[in-house]
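Here is the structure we will look at, set down as structure tokens.
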Amino acid sequence: MELHCSHTAIRTILSSISLLKNLRHLSFRGCSGLSSQVSSSSHVQKPMDVTGLCSLTVLDLSDCNISDGGILSDLGFLPSLEELNLDGNNFSNIPAASISRLTWLTVLALAGCRRLESFPELPPSIEELYADECTSLMSIDQLTKYPMLHKVSRTNCHQLVKNTKQNNSIPDSLLKHMLEGGYRNDLFSLYIFGVEIPEWFAYKNSGSDSISLLALPKNWCTPTFRGFAICVVFDLMTPHILDYTRCLKTFQGLLMWFRLTRLDGLCHQFFKCFGLIGSEKPVGSGNTFLALVPFDQYCPFMNGSDYNPNNFIQLEIGVDSIHKDALTKGLGVRLVYENSTPKIEEEKN
């Protein structure tokens, strides 16, 4: 069962909504009137009664003009919630208990929450975190605590950029944590501030949107091979709209192409969109995108008993031409094996 009240003039969430025991998707997107729920005595928002929504898995409260307290304090009473969209609201913090009690939560969207200064305590189940345009966000160092986290986007976070320049170890530790994560068969992606390809990437091409004819080592695909790490440094990129929906919102990303060539000259090419971005606005300048591409999961030609990946001897990768306005400053790639330990050096200027 789904209930969509998006962009309506609703001002009160009646307690009778808790009788919808089978409700799974609920959207109040753009219902800014909800912020007017105040108590005459305390002048703070009244929490909504959602204690009976035991089957709710997706909740969209984006662009509801929600401030601190009130509705946020009641989110912890949604035991089945998996995806939560709080984009475009006016709170500066989220009560720790309200999010950490959501033990099934995998996706949290906070894009455009310009007053948010820090992330709340998150449950260990969290996998995706979108905090683009959180211009007051001070730190992301706590994100290394979450073992399943593998998609993080924080583009256009101006205050965080300033703090990151002063403490380069934060993105270092987060990337290392994600590489060593337990989701080893899945892709991870991470946006950090920077304008140079990190030294950890063995193959680089500055000032170009592609790397051509990269020779692969002999017998490069071993049992410890995890995938290809890629790095794209770019400015002013309008992301590509994806057929990917979480939290009742559509995401954008960076479309790239991969071409592998065998010893006999036969080529295989595939496309993949990486780096989900929570904001619908173009990405500003000074961005470094990092991703790990699991080889066996994203190559569609890996079927057949006679298949041997070590027959591929060359690799080419590039940013797709669909990003016509993108200013790509460089591209890097590295083969990643177990116990790879990257060191990400961000620009210190």
Check: How many angstroms lie between CG in Leu137 and CZ in Phe119, if you round to the nearest 0.5 Å?
Finding: 4.5 Å
Next item on the list: Not counting sequence neighbours, which residues clear side chain to side chain contact (heavy atoms under 4.5 Å, CB included) with Ala109? List them please.
Entry: Asn85, Asp87, Cys247, Lys249
Checklist line | Geometric class of the His268/Phe312 ring pair [parallel <30°, tilted 30-60°, perpendicular >60°] | finding: perpendicular
Margin query: Under the rule for side chain to side chain donor-acceptor pair (under 3.5 Å), what residues qualify as partners of Ser125, not counting sequence neighbours?
Written below: none
Next item on the list: Under the ring-ring contact (aromatic ring centres under 6.0 Å, His included) rule, collect the residues that match up with Trp257, sequence neighbours excluded.
Entry: none
Next item on the list: Not counting sequence neighbours, which residues clear side chain to side chain contact (heavy atoms under 4.5 Å, CB included) with Pro223? List them please.
Entry: none
Checklist line | Leu61 and Leu75: CA distance, side-chain angles, deciding distance, side-chain contact (heavy atoms from CB on, under 4.5 Å) verdict | finding: CA-CA 11 Å; Leu61 291 172; Leu75 295 175; 4.1 Å; yes
Next item on the list: Classify the angle between the aromatic ring planes of Phe225 and Trp220 as parallel (below 30°), tilted (30 to 60°) or perpendicular (above 60°).
Entry: perpendicular
Note to self: Can you give me the closest heavy-atom contact between Leu53 and Ile17, atom names plus distance?
What the structure shows: CD2-O, 3.2 Å
Check: Do Phe228 and Leu292 have side-chain heavy atoms sitting under 4.5 Å apart?
Finding: no
Checklist line | Any side-chain heavy-atom pair of Ile313 and Leu216 under 4.5 Å | finding: no
Check: Is it true that Arg114 and Glu133 have a side-chain N and a carboxylate O under 4.0 angstrom from each other?
Finding: yes
Item checked: Distance, nearest 0.5 Å, that separates NZ of Lys204 from CZ of Arg334 -> 10.5 Å
Item checked: CE on Met1 to CG on Leu26, rounded to 0.5 Å -> 11.5 Å
Note to self: Please enumerate all residues that pass side chain to side chain donor-acceptor pair (under 3.5 Å) together with Ser206, with sequence neighbours excluded.
What the structure shows: none
Note to self: Once side chain to side chain donor-acceptor pair (under 3.5 Å) is applied, what residue pairs with a partner in residues 92-111 remain, sequence neighbours excluded?
What the structure shows: Asp68-Ser92
Check: If we ignore angles and hydrogens, is there a donor and acceptor under 3.5 Å between the side chains of Ser153 and Asp132?
Finding: yes
